[in-house]
Protein chains: 2
Amino acid sequence: MKLTITDVAEKAGVSKATISRYLNGRFEHMSATTKAHIAAVIAELNYTPSPQASSLKTNRSHLIGVVVADISNIYSTLLISGINKVTQQSMDQILINDAANDLKSEAKALEMLLSMNVDGIIMQPLSPVAHHYDLIRDSQTPMVLVDRITRPLTWPTVTADDYRSTAKLAQAILNSHYEDILILINPIAQISTRQSRYQAFVDTFKKTPTTVTLLETDNDSITPLANWITAHPQKHPLIFAGNGRLLMATLRWLHDKGLRIPQDVALSGYDDWDWAELVTPGISAVSQHPDVIGQTAAELLAQQIAGEPVAVQRMEIPADVRIRSSF
Amino acid sequence: MKLTITDVAEKAGVSKATISRYLNGRFEHMSATTKAHIAAVIAELNYTPSPQASSLKTNRSHLIGVVVADISNIYSTLLISGINKVTQQSMDQILINDAANDLKSEAKALEMLLSMNVDGIIMQPLSPVAHHYDLIRDSQTPMVLVDRITRPLTWPTVTADDYRSTAKLAQAILNSHYEDILILINPIAQISTRQSRYQAFVDTFKKTPTTVTLLETDNDSITPLANWITAHPQKHPLIFAGNGRLLMATLRWLHDKGLRIPQDVALSGYDDWDWAELVTPGISAVSQHPDVIGQTAAELLAQQIAGEPVAVQRMEIPADVRIRSSF
DNA sequence: ATGAAAGCGCTAACAT
DNA sequence: ATGTTAGCGCTTTCAT
């Protein structure tokens, strides 16, 4: 049977209040003897207090909600692993929820978390409009956004430095003088990071003869790319795949078609989870650090929960640009 | 301000008890009018009950604890994603904990989960000895093990069919007549799956002239392999890397050394998260399905929690063997 | 068909 | 320095 604070109090011959004080580290007015005695009794009984009971009174659940856009994406693991580093320290538990790239699911996840009375939320938002998340603001629950920004800026946000890192990659491509650059990316209207990645290319090639073509796609499908390449068999384009899944899908398609990299088409992309270098001839890519993003977000959230002021601003975690031999 | 059941009761002009009955779907003795009325009020107020308060009374937390061996491993995401599929349905929340490949951390995670009063636990155990987890048995908390077994068999366990799938791969290798097979794997004494993978090779090549060499390593280091290859420059071995990380590390090392696959060394491994085919020349590997394992485990756990009897046995989820061109 | 009241394990005034 | 007591939001007998 699970022990309660009453059991401990009886065994120790003191009141529940004293035990409670002990548990919460309020020793200011406690005699050293009772303190030691309580410690001994707790150790002997191997008693652990019930967080839910305490939560009921204190309104602090020691639960952190995490909502990821798509849990099957590697980004999620890395992000969670980073968050975990700090919650482990603070003895908080994380509640993982998957939005499955669906606004309805995301909303449900958020409601769930609120009803669970989480102390704070870390979310990789699906919607770019802050308004969409008014219920969080209304509930007064601290939140930190990761990976994508939301307008107007309402919560502290931690992302990669998409624009800067992509521009760096674009700069490297500049020297190779491609006629056509194909940006294969999910709909950019929605997501800030996608816009930045596209814009970095546009800006870099603005005053060059290079044509930058935007190929918007859905659900990481590469059909628009396949169509373009099939329609322009004589061209020798450079492809920039806007995320890891697209990069992988593109690679697989080129493979199937027997197209050689970089002889037939050149390739580059965003996100490389260590495998891009293993693929012959080594894919040049931007490599971000979701674990650092997660850790930073968790620290920011912890501050907010502790009542310390946190600036509502975007923090950018630098990504690495790894140039290999794919263009 | 957060609404309580009392607010709803007042607004609806009925007692808390009636609201509670409504919330728990006990309509047997409820007039259709009050039922409809309560529904309307709840919708209007947008009320959501507090799980922790209810948990206090019912002893059901709707929390499922998940302990993974190493959260930064892709296996974890896939596993969680599978678990998530079923917990989403049942409105349960999952509490992810990382054992970080460390028995002390694992024990702490388990204690944490017990004190959180979780309804059940899904664990990828670090220790092969069931005794190690007696505190779970003592606490009467339902548990399902995944990925690795524990002796004696104490909990329902869901794993891949390590032996069978590895044997299938070994069989394919058999026809290529290698003189030396190097099994690179983390310490096999500890983990059941590792033993099975090794044993599958030993058994397959028992009556052949092929030598099967066990190269035990630690922390996914490839030093033992590097040493062997350096020491036998004239040989043309086939390597079997016991997990995805080792496979990747091996690949990277061969790359660095300029060793060609399969001309200089042949390669194969366990775990392929879709990238193995993209690496030239396409790595032959066993591909397991952690998401299915997770889903199955979660279903088993749900049954146990519901009080339905669940057989204490090992369930094997078939892995795929993907033969490509690396040997 | 519905309500009153006690209590789940804990915390926090307010006593003493 | 420690105890008493009244809840936190919900469920559940037992009444009516």
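All chains are named by letter (A, B, ...) in the order of the sequence lines, taking the proteins before the strands, and each is independently numbered beginning at 1.
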Problem set entry | Lys16(A) vs Ser15(B), nearer the 5' end of DNA chain C by closest nucleotide | Ser15(B)
Candidate nucleotides [options], ranked by approach to the side chain of [X] - the nearest:
X	options	value
Ser54(A)	dC10(C), dT2(D), dC10(D)	dC10(C)
Ala17(B)	dC8(C), dG3(C), dC10(D)	dG3(C)
Arg21(B)	dG3(D), dT2(C), dC10(D)	dT2(C)
His29(A)	dC10(C), dT2(D), dT2(C)	dT2(D)

Exercise. More than 12 foreign heavy atoms under 6.0 Å from NZ of Lys85(B): is that the case here?
Worked result: yes
Exercise. Do other residues, nucleotides or ligands put more than 12 heavy atoms under 6.0 Å from Asp138(A) CG?
Worked result: yes
Exercise. Side-chain donor-acceptor pair under 3.5 Å between Lys2(A) and Ser139(B), yes or no?
Worked result: no
Exercise. In terms of side-chain heavy atoms, does Tyr47(B) have a donor or acceptor partner in Asp7(B) at a distance below 3.5 Å?
Worked result: no
For this session: Take atom CG of Asn117(A) and atom P of dC10(D), then tell me their distance rounded to the nearest Å.
Result: 11 Å
Problem set entry | Spacing of Leu23(B) atom CG relative to dG9(D) atom P, expressed in whole Å | 15 Å
For this session: Would you indicate, yes or no, if dT11(C) has its OP1 or OP2 atom less than 4.0 angstrom from a side-chain nitrogen or oxygen of Tyr22(A)?
Result: no
Exercise. Is there a side-chain polar atom (N or O) of Thr34(A) under 4.0 Å from OP1 or OP2 of dA1(D)?
Worked result: no
